[in-house]
There are 2 protein chains.
Amino acid sequence: MKYKATTIKDIAKALNLSTSTVSRALRDSHEISAATKQVVLEYAARLNFQPNPIALSLKERKSHSIGVIVAEIANSFFSQIINGIESVANEQGYTVIISQSHENFEKEVRTLQYLASRSIDGLLISVSSATNDLQQLKSLHQSGLPIVFVDRSVEDIHTHKVVVDNYQGAYNATIHLLEQGYRRIACVANSEHLNITKERVGGYMAALQQYQLKPDPQMIKYCFHGGMLLHEVETAVSELIKLKPKPDAIFATSDKLTTGCMRMLKRHKIAVPKTIALTGFSNSELIELLHAPITVVQQPAFEMGQVATELLLQLIESKRPVKDFKTIKLQTRLVSPDNK
Amino acid sequence: MKYKATTIKDIAKALNLSTSTVSRALRDSHEISAATKQVVLEYAARLNFQPNPIALSLKERKSHSIGVIVAEIANSFFSQIINGIESVANEQGYTVIISQSHENFEKEVRTLQYLASRSIDGLLISVSSATNDLQQLKSLHQSGLPIVFVDRSVEDIHTHKVVVDNYQGAYNATIHLLEQGYRRIACVANSEHLNITKERVGGYMAALQQYQLKPDPQMIKYCFHGGMLLHEVETAVSELIKLKPKPDAIFATSDKLTTGCMRMLKRHKIAVPKTIALTGFSNSELIELLHAPITVVQQPAFEMGQVATELLLQLIESKRPVKDFKTIKLQTRLVSPDNK
DNA sequence: TTTATTTACGCAATCGTTCCCGGAAAATTC
DNA sequence: GAATTTTCCGGGAACGATTGCGTAAATAAA
């Protein structure tokens, strides 16, 4: 069953006016007398009239909704981004439709297809780690759908991007390990397809070189599904600890991988940081409660969401095609368990 | 700028047919010849035609979207519920609009107002801990909006509810502590307004009585904002450890409170479980990685989301008003760090 | 051959709004 | 008092789809 909301027609009929007059009165048009306006406004308020957003959307050819695709919301980093997105989107009267790719390319494609079919006005996306085909995204972009990338972006598509200084963040984390005396530092990284992976691994290698250490390919493990499949991390860590000599530290390039490594090290009964130290990107709020207090690279997730949404709404509301795209690069923060 | 999608009119014009014929051809109506159908279908496929969902919504007076209100998505319990919701909603062609109350009543009211104005077809809600006025919710329900409660429900509103056996879950957890020899068990609970709080505190007290222990009001602390404000938990824990004799264990009634207590105990440098043991409701996946391995009460969150959504969609798609409402009560699981 | 029935399509209303026109009444100017 | 301008409001098309109804042509039945 459904409930019937009051429409502009109901008001018009009740007040013996035309729908155009009612519409104009509600929008405070100058061509309606003060007296009529008052009558309409009062009556509308009494019935708690709400203009039907669907009718409006049809008329304006705007759904007033934006799509968001992230790997998974059950991840502090992404949920913080989403909070940032919502804070500005809702402020401006936009509905946010959240979807998850679960780091799965097919799911991402289906989701994207679905969002497009729901006629969203714009898209915020952090591509999945499994994404290696950009056809669909490109074609949507070409057909005019405003897109802004957050965190994980894509080089081939020319639009606004909101990212962090991944190189620097990874560099800082690795230097932190080096300063503490670790010399055999392994890296558990996300999918090679991701631009952030390249940048973070780059920062990691630069730090090693700074200490005259040669990066060892065997010490870098890539996880195609970004740690979504635990066995990926299991394989990575198992292989690392089989190496001779073993690594004395691990740098993980994402939230999921950082906690994944910790899980694995614990399962192998390897003391952290005594036997193997660990650091990595993470925005989890529970880090300080973990059995092994580790240093993490934090990203300004909330702010990233905000900035990205502002840019997207600019794109959506711009009268003419935007040509001048910018890439906003924010800074990460190295957080130690003590210096909180 | 905006991109213009192809409409049924474009197809009609190009093929020299009427819009009705095109519409019927696309819907495979029997009153269109096979030849025409083929032409239309092929042309539509070539242009990647997607019927405008907004126009459909207007026609059918259905938005094909459901609203979801939870405390916060950055909480494993709720994000798992949401995953459950999405899994069935998307399957049935419904869009999920997620909103967060952040355990704040005013925010919840605004959000509800907003969702209603976006003409959602139904609502899934887990009320905020600060909710003590049900006026708005009641009036929406009376005006015909289908509502299903998840986890935190409300007695006064007669509709489907999907909950867990809170009493039993809390009872089990407390018994678990008692069996381990703890006798001065405190309780850090959520807002007293929440029905789940009453049930969980009830289970806690029943367990105590089972061991001939008299529940001490001083040992039960309520947090109005459900631990959303850390200082609430701080006050609760500080007061508890000032008691003489001190409690030797704490039972926390929610995810946020369980981790909040752990945070506080750590800050006070109180060893867990040595000085004070801790157990509580939690669906966090990081529990096993915490410095103090604790036993938690887990809720079947994903399933709760699924069941609730199925019920809601039934309500939405029912031809006549539903009178027979049910309350689905699922079981919790007591999970120890070892028996995983 | 004539009539009845299918078949296959078009017309137009509808959903709830907005907004371009057009026009009557009132107010202003000459 | 006539001409002009304002003020105020209604009619109706449009947004993109569906659908009841009407109807010409094709086919079947008489």
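A note on names: the letters A, B, ... follow the listed sequences, proteins ahead of strands, and every chain is numbered from 1.
One side chain, A:Q100 or B:N83, offers a donor N or O that lies under 3.5 Å from an acceptor on the other. If you check the side chains of A:E103 and A:S129, you find a donor sitting under 3.5 Å from an acceptor. A side-chain donor-acceptor contact under 3.5 Å links B:S128 and B:T131. Remark: the B:Q314 side chain and the B:E310 side chain contain no N/O donor-acceptor pair separated by less than 3.5 Å.
In this entry the distance linking CD1 of A:I54 with C1' of D:dA17 reads 13 Å, nearest Å. Rounded to whole Å, atom P of C:dG16 lies 17 Å from atom CZ of A:R27. To the nearest angstrom, P of C:dA8 lies 14 Å from CD of B:Q38. What separates CG of B:L56 from P of D:dG16 is a distance of 12 Å, to the nearest Å. Put simply, NZ on B:K62 is 15 Å from C1' on D:dT18, counting in whole angstrom units. Distance CG (A:L26) to C1' (C:dC19): 15 Å, rounded to an integer number of Å. One atom, CG of A:D10, and another, P of C:dG16, lie 8 Å apart when rounded to the nearest Å.
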How does each nucleotide of nucleotides 8-15 of chain D score, in 5' to 3' order, for protein heavy atoms under 4.0 Å: base (B), sugar-phosphate only (S), or none (-)?
BBBBB-BB

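Note on ring orientation: taking the six-membered ring where Trp is involved, the planes of A:H64 and A:Y94 are tilted (angle from 30° to 60°).
Of all the heavy atoms in B:G122 and B:L312, the pair that sits closest is C-CD2, 3.9 Å.
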